Every structure is written in structure tokens, then in C-alpha cells.
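What follows is a single structure, written as C-alpha cells, with notes after it.
Keep in mind that what you see is a predicted model, and the values were worked out from it rather than measured. This chain uses plain numbering: 1 for the first residue, then up along the sequence.
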Amino acid sequence: MKTEVTIQSGKADILIKWVLFTAAITGLALLSTFYPVEGNIPCIVIPCILVLILAKPVFFEKLKLTTLLTMRILIVFAALELFNPQVYVDIIMLMLIVNILEATFTDLLRYKRYCNAISGFVLAFAVVTLRGLWQFDAPFGKFYLAEGVVPAVTICFVAAYTLWNWIFVTNEFSDSVALMHVGFLLAPILGSLCTLEMGVYGGLGMWLVLRANSLAIGGWMQIGAKNWFEREYHSERFAKFVLWTKKQNVQVVLMLINLALLGCALYLTFANGGIRFEFSPLFLN
């Protein structure tokens, strides 16, 4: 009986820590999104710099966090309109493609995960279904939205990205970190749902900026306290689930789901006017 109570207590302990962690990332991501100067600098920029200096991350971690930090610094300049903020959004869309391809080639060349690599290549192409626009006339805050030509496109893309990225995480990291990344991936979705009452200025259109912010926040947390997360987020049951998802037949099914979602996004895009993009001037008039 004592052993059973201890096990149940351990499960509850992990769940509570995971919920609090996910809630914290969601809240900080929202704050940093609406206030890219007042919120972004203390929540992302400064902690990232401190982690890079004090935590001594390995090369891959340093490269990833430095890239995220650079984009978070650039959005400060964009919010201050030192250049046209729309140019920043266009760069973000390009960086999204680069980020997806980087992970996809890792899946393909390092882990030989061909199913998820196929999903990744199609996902990178499907970025064209989203159009990022800086919200100059937003009632409050300084941010951008990235949406498909119809809401279903955004929904399909977000679902496909979330599924693809989590499978990548299970290949790249331990099961403890994979559990942590469930919170990473849920945070921008939860944050988007919190903004639904903002109408055209909220909803899933905020997913991309929230994803960028939550990834940066989670990144400095993960690197700065990696040993703690490895120890405190370990769950035998979740580890078995991760192992199950790596089976070939499961990987094939997940790939087919992803391809169906992305195929739907591409079809709806081209059925409703096609790709929407135009080059923006570097500076505002």
C-alpha cells in the first residue's frame, strides 16, 4: 500500500510541475508577445544572455539559443519602428522554413527517421500557406499575425507542425525533455485560445509569434536547468508511450496524418486565391 501511494504521489507531483511549467511559459509568452519591449526584454532577452554566459551550453544549444535571441532582439527594433516591422515578419516566415528544414535534415541524416523527414519537407513547403502581417492598427500591443487564407488552413498547419515537431523532439531528446516539450508545444495553442475574444486581432493567427516566444523562454529554461528537468520530469509510463510512438507502423500513421493536414492546407490555399506575398520596403514612409 505504501509503495502504491508513493507511486501515485510521484505521478501527481510530475503532473503538477508540468502544469505549472506550461502555465508559466504560456503567460510569459503572451506578455512578451503584446509587449515586445517591456515584456520581451526581461522575460527572454536578458535570461537568454545570462544562460549563454553562465550555463555554458554545448554548441548546438548555443547556436539554437543565439538564433532565438537574435530574433527576439530584432523584434524590439521592429516594435520601436527603427525599420519597417513588416520586414521583420517576412524574415520570421523565412526563419520558420529554415528552422523546419534544419530539424528535418537532422531527422533524415542523423536518426534515419524517414517518415518524419517526409513530413518535415512538406511542412517547410506548406509555410507558403501562411501570410504574416504586422498589426499596425491593433487596439493595444505591438505584434504580428500569421494566418492562412481561411481559418481551416491555419488550423491544419498548426496541427501538422505540432505533431511533426513533437516527433522530432522524441528523436533528439530524452523522454523527460519530450514531456517538457508537450508544454512547449501546447503553450502557443493555449495562448492563442486565450486571445479569441480579440476577434480579428487574436486567435490562432497569434500562434507563430507565441511559438517563437515560448520556444525562446522554454529554451533558456531547458538549458539553464537541464539536469533538474531530466530528473523531475521522468515518468516510466510516458517513456513507454514515447517508445511506442517510435514504432515504424506508428510513424507511418503519423506521417499520413501530417500529409493529410498539409495537403488540406495547400488545397484550401490554392482554391481560395493562392499564395499571398508582396515585398515590403525596409523603412516606413
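- Between the side chain of Asn84 and the backbone N or O of Leu284, no donor-acceptor pair lies under 3.5 Å.
- With sequence neighbours left out, Ile49 forms a side chain to side chain contact (heavy atoms under 4.5 Å, CB included) with Val45, Ile53, Leu69.
- Between Phe168 and Trp164, the ring-plane angle classifies as parallel under the 30° and 60° cut-offs.
- Using a 3.5 Å distance cut-off with no hydrogens or angles, the side chains of Asn171 and Asp107 do pair a donor with an acceptor.
- In summary, the aromatic rings of Tyr88 and Phe83 are positioned with their centroids too far apart to meet the 6.0 Å limit.
- In this structure, Arg237 places its CZ atom where only 12 or fewer heavy-atom neighbours from other residues, nucleotides or ligands lie under 6.0 Å away.
- Within the 3.5 Å criterion, the main-chain N or O of Cys43 finds a donor-acceptor partner in the side chain of Trp220.
- The number of heavy atoms from other shown groups lying within 6.0 Å of CZ (Phe270) is above 12.
- In this structure, the side chains of Lys246 and Thr170 come closer than 4.5 Å at one or more pairs of heavy atoms.
- Judged purely by atom type and a 3.5 angstrom limit, Gln86 uses its side chain to pair as donor or acceptor with the backbone of Trp134.
- Using modelled atom types, one side-chain atom of Ser235 and one backbone atom of Phe238 make a donor-acceptor pair closer than 3.5 Å.
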Dump the intermediate steps for salt bridge (charged side-chain N to carboxylate O under 4.0 Å, His left out) on Arg131 and Glu147, then the final yes or no. CA-CA 5 Å; Arg131 177 73 175 108; Glu147 300 176 290; over 6 Å; no

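- Defined by atom type and a distance below 3.5 Å, a donor-acceptor pair is present between the side-chain atoms of Thr33 and Asn213.
- For the residue pair Tyr233/Asp175, the side-chain donor-acceptor check at 3.5 Å is not satisfied.
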Determine, step by step, whether Phe125 and Ile97 satisfy the side chain to side chain contact (heavy atoms under 4.5 Å, CB included) criterion, reporting the C-alpha distance in whole Å, the side-chain angles of both residues, the deciding distance to 0.1 Å, and the verdict. CA-CA 8 Å; Phe125 175 75; Ile97 296 173; over 6 Å; no

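- Using a distance-only test at 3.5 Å, with no hydrogens or angles considered, no donor-acceptor pair links the side chain of Thr195 to the main chain of Gly202.
- Within a 6.0 Å sphere centred on OH of Tyr267, heavy atoms belonging to other residues, nucleotides or ligands number 12 at most.
- The distance from atom SG of Cys156 to atom CG of Asn258, rounded to the nearest 0.5 Å, is 10.5 Å.
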Stepwise ring pair (Phe, Tyr, Trp, His ring centres under 6.0 Å) test for Phe21 and Phe229: CA-CA 11 Å; Phe21 169 76; Phe229 283 110; 5.3 Å; yes

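- A donor-acceptor contact shorter than 3.5 Å is absent between the side chain of Lys56 and the backbone of Val51.
- Under a 3.5 Å cut-off, the side chain of Trp18 and the backbone N or O of Leu179 do form a donor-acceptor pair.
- Expressed to the nearest 0.5 Å, how far CZ of Phe184 lies from OG1 of Thr26 amounts to 11.0 Å.
- Note on ring orientation: taking the six-membered ring where Trp is involved, the planes of Phe157 and Trp207 are perpendicular (angle over 60°, cut-offs 30° and 60°).
- Side-chain N or O atoms of Asn165 include none that pairs as donor or acceptor with a backbone N or O of Tyr161 at under 3.5 Å.
- Defined by atom type and a distance below 3.5 Å, a donor-acceptor pair is missing between the side-chain atoms of Thr106 and Glu172.
- The pair Lys226-Glu61 meets the salt-bridge criterion, with a side-chain N (NZ, NE, NH1 or NH2) lying under 4.0 Å from an Asp/Glu carboxylate O.
- The distance from the CD atom of Gln222 to the CG atom of Leu215 is 9.0 Å, given to the nearest 0.5 Å.
- Met255 contributes atom CE, which lies 4.5 Å from atom SG of Cys115 (distance to the nearest 0.5 angstrom).
- Within the 3.5 Å criterion, the main-chain N or O of Leu133 finds a donor-acceptor partner in the side chain of Gln135.
- Within the 4.5 Å cutoff, the side chain of Val252 has no heavy atoms near those of the Lys247 side chain.
- Judged by distance alone, the side chain of Lys142 and the main-chain N or O of Ala79 form a donor-acceptor pair under 3.5 Å.
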